Amino acid sequence: MTINGKAYIAGAYEHPTRLATDKSVSQLHAEVAAGALEDAGLSFKDVDGYFTAKAPGMGPVSMVEYLGLKPRHLDSTEIGGSSYIAHVSHAAQAIAEGKCNVALITLAGRPKAEGMAVVKGDFKGPENDFEIPYRPVVPNLYALSAMRHMYEFGTTSEQLAWIRVAASHHASHNPNAVMRDKVTVEDVVNSPLIADPLHRLDSCVISDGGGALVVVSPEIARSLKRPLVKVRGAGEALKHMDGGRPDMTSSGAVRSGADAFAEAGVTPQDIKCAMIYDSFTITVLISLEDLGFCKKGEGGKFVSDGNLISGVGKLPFNTDGGGLCNNHPANRGGITKVIEAVRQLRGEAHPAVQVPNCDLALAHGTGGWVSTRHGSATLIMERE
Amino acid sequence: MNMDIDASKIPSPGVEPDTAEFWAAANDGVLKIGSCNSCGEPHFYPRAICPRCGSLDVGLKEAKGTGTIYTYSVFRRTSEPYALAWVSLDEGVGMMTNIINCDLDEIRIGQEVEVVFRPSESGQAVPMFQPRGGR
């Protein structure tokens, strides 16, 4: 079974807050849910499918009660920041199988208000005992991949910096972005080293907020007044250490991207803009290579000279400013990638970053740690 | 910037029924790796199943304790910077570790290293690595 053409994204909403000291996390879930349903022209009583990953209490059980939903289909697939991109695919599958017709996906969190400055991988998995004595934290786990990529392919800090530069150009047009100042390559490489070779400006922001999506059946999509954003293809993968034989310069995007392109029946050259999860600059570079936008090892060259800047380069990316500059709610920003792709496909992105004739867009998430283990989810959407 | 890691700052691993032999060996100064009695392939981290072939007939074997640095990163946002690394062991599998007893700015991918044990907060010894031959 394919999901190509079986579901549409009818509602998308990004919470404008970036510091939510005055709101509970559950409240943020409610506000983004209401926002996405209003955007679609639907209401809470229309929802018959609910999707979330990490959420207060017992996840979907607690959230469904808080929101007053009575869904007949549930999914709480938890693959970090890539969860919400996978949820769109799972929602499309459920709709195609008749399990639900209006699927609501929510993400919310407030790491900024709660002071989670450096995120530890504080999970209790079987691998944990063999890693926590060495004090892995999120930045140095991503840095392991960056260091190896530089060693294998000659990638430079200046090349990685271009990714931040592009994001900052886009964020300068986003009034909600945490960091709205345009930066230069020099600004990035001269910012303090956090974990060699990654600098402060190679890292995403820490922000509160959230987002929500509403995925619906074709019949419902056509009954609504919104532009039709069709799900064309999706893929997902889990990448791990393979029993102690890591390849830290590639990601799950190798598989999730190939599956998504095959299902959509398109190629990377057809994609008008890409929203790529950007926990760090290196995450984007490796994803671009693995998704097939350039050859392995040539990501540094591909991102240089403004190639990711809308109106300048060949592949506009993260036109909202991304996690690097705009918003990284709940320390897992995957849902914002789909939201900005929907804006682009509807022609509702900021005019300064709107890609002309944007009829095909990609969203991709890397959830976890690019070096050691992560979930990977790719989604291709089309403006019908 | 020569430094060792303050032992009081090494978080202790949990010891589970399927990893107790590994940690007991570490306390004796011996590095072991997982080994499958069915397919013969090594694995790391040790566990009750072979991740290569799915056999539950697994055990541990002693590693030489030598390898090369596959990648590393010096974490600087702390009062005592430290080097997180992945070391490829000579047996063909690798492990996460810290590189210690060296100038952090001299660490290089491909560098030959050898195991050295350090007590964690609970006293449980954990394997770390230093440049081969010591410094």
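Proteins come first, then strands; the chains are lettered A, B, ... in the order of their sequence lines, and each starts at number 1. These values consider heavy atoms only, across backbone and side chains, with no hydrogens, waters or symmetry-generated copies. Note that the structure is predicted; figures quoted are calculated from it, not measured.
Within the 3.5 Å criterion, the main-chain N or O of A:Met248 finds a donor-acceptor partner in the side chain of B:Tyr70.
Looking at heavy atoms from C-beta onward, A:Arg148 lies in side-chain contact with B:Ile109 at the 4.5 angstrom threshold. Contact of the A:Tyr134 side chain with the B:Met128 side chain is registered, since non-hydrogen atoms from C-beta on lie closer than 4.5 Å. The closest side-chain heavy-atom distance from A:Asp242 to B:His43 is not below 4.5 Å.
By the 4.0 Å N-to-carboxylate-O rule, B:Glu41 lies close enough to A:Arg245 to be salt-bridged with it.
Heavy atoms closer than 4.5 Å to chain A are found in both the backbone and the side chain of B:Pro13. Heavy-atom distances place the side chain of A:Met241, and not its backbone, under 4.5 Å from chain B. Heavy atoms closer than 4.5 Å to chain B are found nowhere in A:Ser371, neither backbone nor side chain.
Residue A:Leu144 comes nearest to B:Thr71 through the heavy atom pair O-OG1, 2.7 Å, listed as atom of the first residue, atom of the second, then distance. Pairing each heavy atom of B:Ser12 with each of A:Ile132, the nearest pair is O-CD1, 3.5 Å. The shortest non-hydrogen separation linking B:Met96 to A:Leu141 is CE-CD2, 3.7 Å. A pairwise comparison of heavy atoms in B:Trp86 and A:Pro246 identifies NE1-CG, 3.2 Å as the closest pair. In this structure, A:Gly243 and B:Val93 approach most closely via the heavy-atom pair O-CG1, 3.6 Å. Between B:Tyr45 and A:Pro126, the shortest heavy-atom contact is OH-CG, 3.5 Å.
Note on A:Ala146, A:Ser145, A:Pro133, A:Ala143: by heavy-atom pairs under 4.5 Å with chain B, the leading option is A:Pro133. Considering only heavy-atom pairs separated by less than 4.5 Å from chain A, the leading option among B:Gly34, B:Pro42, B:Ala85 is B:Pro42. Interface summary for chain A: among B:Asp18, B:Val126, B:Val15, B:Leu89, the most heavy-atom pairs under 4.5 angstrom belong to B:Val126.
Within a 6.0 Å sphere centred on CE of A:Met179, heavy atoms belonging to other residues, nucleotides or ligands number 12 at most. Within a 6.0 Å radius of NZ in A:Lys301, no more than 12 heavy atoms belonging to other residues, nucleotides or ligands are found.
For the pair A:Arg135 and B:Phe75, the cation does not sit on the ring face, since its NZ or CZ is not both under 6.0 Å from the ring centre and inside 45° of the axis.
Note: B:Trp23 and A:Phe130 have parallel aromatic rings, judged against thresholds of 30 and 60 degrees for the angle between ring planes.
Contacts with chain B (heavy atom to heavy atom, under 4.5 Å) involve these residues of residues 186-202 of chain A, listed by number: A:Leu193, A:Ile194, A:Ala195, A:Asp196.
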